[in-house]
Amino acid sequence: MAGRGITVLNVAEKPSVAKSVSNILSRNQGLRVRDGRSRYNRIFEFNYTIRGQPCNMLFTSVIGHLMELEFDDRYRKWHSCDPADLFQAPVHKSVPEDKKDIKRTLEEEARRCQWLVLWLDCDREGENIAFEVVDVCTAANPRLTIKRARFSALIDREIHQAVQNLVEPNKWFADAVDARQEIDLRIGASFTRFQTMLMKDAFVIDTVTDGRNIVLSYGPCQFPTLGFVVERYWEIQAHEPENFWSINCSHRSEEGVATFNWGRGHLFDYTYAVIIYEMCIEEPTATVTNVRQQEKLKYPPHPLSTIELEKRASRYFRMSSEHTMKVAEELYQGGFISYPRTETDNFSSRTDLHAIVQEQQGHPEWGTYAQRLLDPGAGLWRNPRGGGHDDKAHPPIHPTKFSAGESGWSQDHRRLYELVVRHFLACVSKPAVGAETTVEIDIAGELFSSCGRVILEKNYLDVYPYESWGGSMIPPYTIDQQFIPTTLTLDPGVTRPPPLLSEADLLSCMDKEGIGTDATMHDHIKKLLDRFYATKDASMRFTPTNLGEALVMGYDDMGYKLWKPYLRAVMERDMKSVSEGTKSKAEVLDTSLQQMKACFLDARLNKVKLLEAMAIFFERSNRVGSEEQNATGEVVRRCGLCQESDMVLKKNRDGNFMVGCLGYPQCRSVVWLPGSVSEAVVTTNTCNNCTPGPVYLIQFKFRQLEIPPNYDVNHLGCIGGCDEILTQLTEICGTGSRMPARARGPTAPTSNTNQPARARGPTASTSNANHTNPRQAVCLHCQETGHSSNECPSQTRRSRNAQYPGMNQQSGESSVSCSSCGAPCVLRTANTANNRGRKFYSCQSQECNFFVWEDNLNNGSGGRSFTRSNSSTPTPSRGRNGGRGPRGRGRNGSNSSNGTFVTATGDPVSGRRCYTCGDPSHFANVCPNRGL
DNA sequence: GCAAGGTC
């Protein structure tokens with residue numbers, strides 16, 4: 001490198017840009033290339049003069065983002081914290097292992113440079129990457145002068161202008177991306193951990209996941225994408241076929257046949273249709289009232305953006321968007337097509353379109369067409385029409401090198417290259433021209449019309465066989481001409497549901513609602529398949545799996561539209577505000593994370609909705625150590641034993657409350673709570689006495705019949721050891737621990753509560769419910785000594801023997817009467833998927849909606865009301881149909897017209913069939929032909 | 001084991 005002048009480190013977002021800009025700036029004079037630490041990112045060297053200042057230019061690149069945002073180590077393990085903590089857990093940016101070599105190159109080169117010029121793509125992500133590069137380079141050389149080159153295309157004039165007019169990098173743009181990254185990470189990780197741990201062991205869902213560890217991920221892009229699929233599916237399920245009628249007319253003459261369509265289209269009222277039809281039959285003479293001739297143009301498509309490429313490859317070749325992008329990337333790497341990730345569908349006026357066409361003249365299939373295009377006499381050329389999108393970074397996808405097919409290409413490489421070339425040639429061609437004739441006739445006052453088209457000039461259609469423009473001839477007619485129709489029929493028809501979403505439809509939905517970017521949409525679609533949320537059939541159409549549907553249904557039942565694109569739209573608006581400087585990054589982060597955390601906490605409180613939705617499709621699992629039980633509780637305090645994890649409130653397998661360490665099974669610290677607790681919720685109040693704090697107070701509700709009369713059923717309690725009432729109730733009622741009392745740790749909150757249970761031997765001298773406990777010398781019930789309150793003879797185990805408060809059980813199963821209304825109840829057998837064979841009592845009164853499971857009647861765990869429909873089963877009505885589908889019906893709703901599918905006696909409700917296979921014996925949600 | 005965004 002020459003010794004005079006300053007040394008400038010230039011960094012581009014990708015190797016291809018570093019190469020292109022180096023070529024342009026050096027004018028291929030004295031350009032030297034050497035390897036960097038990374039095999040992909042070479043370093044170009046040349047001399048250049050910036051505003052009179054001689055410069056030794058070093059030009060290298062990164063590969064997209066150099067850094068990743070992640071949680072601090074303390075929060076990385078799934079069980080290390082409550083997922084709710086992830087909304088404020090510390091995060092940091094760092095260079096991942098596979099980018100370390102690029103980092104080293106930057107550091108080494110930066111040390112010997114005076115200037116750093118950033119040539120990252122000129123969008124928000126590019127600006128953010130620019131600051132990542134700045135961070136790495138200035139850490140190695142703090143004296144660097146930082147400059148930004150702004151360019152919108154890799155064109156000589158633009159690049160020279162950019163380097164002569166260097167500007168400052170835009171922090172607002174980078175901030176917007178920082179905010180987006182942080183929000184995505186926090187929401188994604190918290191919800192993913194929450195719903196995975198809630199459900200993966202609670203239900204049998206891993207039988208169809210190829211033995212892979214199932215992760216029920218949530219993401220602000222993947223979930224709305226799933227939402228589109230599910231919503232369409234519900235729309236189809238909710239569709240009720242309706243009969244309609246239409247009048248059709250045809251006329252055969254010597255010149256040919258014309259088919260006339262009824263001006264009214266079709267009518268749903270049969271009587272009305274018949275009346276009109278009879279009028280036509282009585283006076284069938286048709287009179288031609290209008291003959292219209294028009295020239296019609298069919299325009300070629302806009303220049304090719306990424307989404308259009310994906311959609312068309314899916315439609316024309318049935319290639320998945322993910323595969324399309326893989327093949328396109330390889331064609332790009334080989335230099336055959338331009339950069340494949342672009343939103344732009346508009347060619348810059350500076351692009352030499354003719355040169356691109358010229359390259360294709362020799363091709364055996366479309367070469368002749370290319371020659372015609374270039375021939376001014378043929379008049380085929382027309383400058384392309386743009387579609388109004390421009391990302392200012394890349395041109396539309398177009399061919400960059402001629403190929404008649406390479407030996408290493410697969411069929412998909414050939415097809416995709418051909419599509420890019422033909423699409424480009426079509427774009428610069430004139431539209432097809434057709435002559436359209438419309439004939440209108442009148443029969444007994446009813447209007448009918450027929451339309452025919454003749455293609456006059458095919459133009460672009462000659463090179464674009466993927467599109468057709470069907471032409472159909474109709475015979476000539478003149479105004480006032482009269483004829484008797486050859487046929488005049490009243491035909492029945494039936495409305496059909498819309499089809500399942502195709503991949504092209506899905507991409508359109510995502511594009512319209514701003515879900516993902518051109519470079520990531522295919523990833524989100526693939527994620528639905530990878531996560532077993534949806535399947536794709538042979539015709540490239542998507543069906544939600546039971547898993548995907550249940551998740552969307554669960555959140556929908558909570559009233560949260562997390563599966564809708566709204567959240568992303570709000571984030572996009574916030575990002576725009578940050579990038580324009582009208583809101584600060586901190587402000588946006590504060591507001592949206594606060595809102596999302598509130599939403600998360602509420603969702604967790606309503607997790608029963610998710611569980612109910614899952615229970616519709618999946619069997620409950622008896623797996624021990626359900627992570628739901630272990631990890632989704634609310635935090636009560638930091639574990640004093642392991643001092644690493646939080647202690648959370650949760651239930652054990654038998655439904656008894658406890659406060660256990662999230663570090664289980666490594667840490668077995670546990671506080672068992674009284675067995676009489678029916679409800680427990682961690683509040684935001686903290687204890688003023690117990691240390692180390694904070695120890696959050698728990699709002700308890702006790703079962704009245706299981707506690708002595710002088711205790712209140714509601715109690716705001718502390719498990720830190722200071723709460724006498726809780727201690728007493730624990731002693732009176734016992735706990736839900738399965739361990740024998742002698743081997744257990746303290747069953748009541750004491751100052752020793754953070755001792756591991758397994759470390760407790762039979763001699764542990766704590767406030768355990770043992771005879772040795774001096775505090776039990778006086779029975780709390782009868783005030784006598786000699787026995788504990790647990791064993792007080794005056795207290796039968798009322799909880800076990802108590803009558804269920806809502807039902808009066810008399811002798812014999814068949815003589816139960818409803819305490820709610822007094823009417824007799826009958827014993828019936830459930831026939832739903834999840835409770836088949838289970839017996840329940842159902843009140844016979846039409847006005848009363850009470851039922852109770854027989855097994856609950858005996859163990860006192862309660863009954864629940866349900867909404868009675870015409871053919872009700874004891875399945876609690878769960879609003880599954882509310883607002884879903886165009887008419888507000890779900891596929892198994894209790895709406896009377898849709899009906900509950902089977903009656904309590906197992907009789908199928910007539911007229912309803914499985915949408916998937918047509919079998920009348922079940923609905924689609926339990927169809928054996930359906931996937932997961 | 002978690003997101004989405006760059007890109008080889």
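Residue Thr192(A) places none of its side-chain N or O atoms closer than 4.0 Å to OP1 or OP2 of dA3(B). Distances shown here put a side-chain N or O of Thr520(A) below 4.0 Å from the OP1 or OP2 atom of dG5(B). The shortest distance between the side-chain N/O atoms of Tyr339(A) and the OP1/OP2 oxygens of dT7(B) is below 4.0 Å. Put simply, His524(A) has a side-chain N or O that comes within less than 4.0 Å of OP1 or OP2 on dG5(B). The phosphate of dC2(B) (OP1 or OP2) has a side-chain N or O of Arg531(A) nearer than 4.0 angstrom. OP1 and OP2 of dC2(B) both lie 4.0 Å or more from every side-chain N or O belonging to Ser190(A).
In this structure, the side chain to side chain contact (heavy atoms under 4.5 Å, CB included) partners of Lys100(A), at least two apart in sequence or on a different chain, are Val95(A), Glu97(A). Not counting sequence neighbours, Lys99(A) has no partner by the salt bridge (Lys or Arg N to Asp or Glu O under 4.0 Å) test. Evaluation of the ring pair (Phe, Tyr, Trp, His ring centres under 6.0 Å) rule for His398(A) yields Phe347(A) as partners, not counting sequence neighbours.
Between Arg312(A) and Glu308(A) a salt bridge is recorded (basic side-chain N to carboxylate O distance below 4.0 Å). Salt bridge Lys564(A)/Glu513(A): absent, no basic N to carboxylate O contact under 4.0 Å.
If you measure from atom CE of Met510(A) to atom C1' of dG5(B), you get 13 Å, rounded to the nearest angstrom. One can place CG of Leu567(A) at 15 Å from P of dA3(B), the figure rounded to the nearest angstrom. The nearest whole Å value for the distance from the NE2 atom in His65(A) to the P atom in dC8(B) is 14 Å. The interatomic distance linking Phe600(A) (CZ) with dC2(B) (P) rounds to 17 Å, in whole Å. Between Asp85(A) atom CG and dC2(B) atom C1' there is a gap of 15 Å when expressed in whole angstrom units. A straight line from CD of Glu70(A) to P of dC2(B) spans 14 Å, rounded to a whole angstrom. Nucleotide dA4(B) holds its P atom 12 Å from the CG atom of Leu226(A), rounded to whole Å. Atom pair Arg341(A):CZ and dA4(B):C1' shows a separation of 15 Å (rounding to whole Å applied).
Residue contacts shown for Tyr218(A) are limited to sugar-phosphate atoms, with no base heavy atom under 4.0 Å away. Nucleic acid contact class of Lys527(A) (heavy atoms, under 4.0 Å, all strands): sugar-phosphate only. At a threshold of 4.0 angstrom between heavy atoms, the contacts of Phe223(A) with the nucleic acid are absent. When heavy atoms are screened at a 4.0 angstrom cut-off, Leu69(A) is found touching base atoms of the nucleic acid.
Picking from dC2(B), dG6(B), dA4(B) the nucleotide with the shortest atom distance to the side chain of Arg193(A) gives dC2(B). Between dT7(B), dG6(B), dG1(B), one nucleotide has an atom nearer to the side chain of His394(A) than all others, and that is dT7(B). The listed nucleotides are dG5(B), dC2(B), dC8(B); the one nearest the side chain of Phe71(A) is dC2(B). Distance from the side chain of Val215(A) is smallest to dG1(B) among dT7(B), dG1(B), dG6(B).
Residue Phe542(A) is tested with Leu529(A), Leu226(A), Thr225(A), Val230(A) for a side-chain contact (heavy atoms from CB on, under 4.5 Å); the sole match is Leu529(A).
Put simply, CG on Asp35(A) and OG1 on Thr60(A) are 10.0 Å apart, with the number rounded to the nearest 0.5 Å. Atoms CD1 and NZ, on Ile307(A) and Lys512(A) in that order, are 14.0 Å from each other to the nearest 0.5 Å.
Residues from residues 167-185 of chain A placing a heavy atom under 4.0 Å of any atom in DNA chain B, listed by number, are Arg180(A), Gln181(A), Asp184(A), Leu185(A). If you check residues 116-138 of chain A against DNA chain B, the residues with a heavy atom closer than 4.0 Å are Asp121(A), Glu125(A), listed by number.
A cation-pi contact links Lys401(A) to Phe336(A), judged by a cut-off of 6.0 Å to the six-membered ring centre and 45° from its axis.
Looking at which nucleotide of DNA chain B each of Gly219(A) and Ile63(A) is closest to, the 5′-most match is held by Gly219(A).
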Which side-chain N or O atoms in residues 594-603 of chain A pair as donor and acceptor under 3.5 Å with protein atoms at least two apart or in another chain?
from, atom 1, to, atom 2, distance (Å)
Lys597(A), NZ, Gln88(A), OE1, 3.1
Asp602(A), OD2, Tyr560(A), OH, 3.0

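Remark: aromatic rings of Tyr417(A) and Trp409(A) are close, center separation under 6.0 Å.
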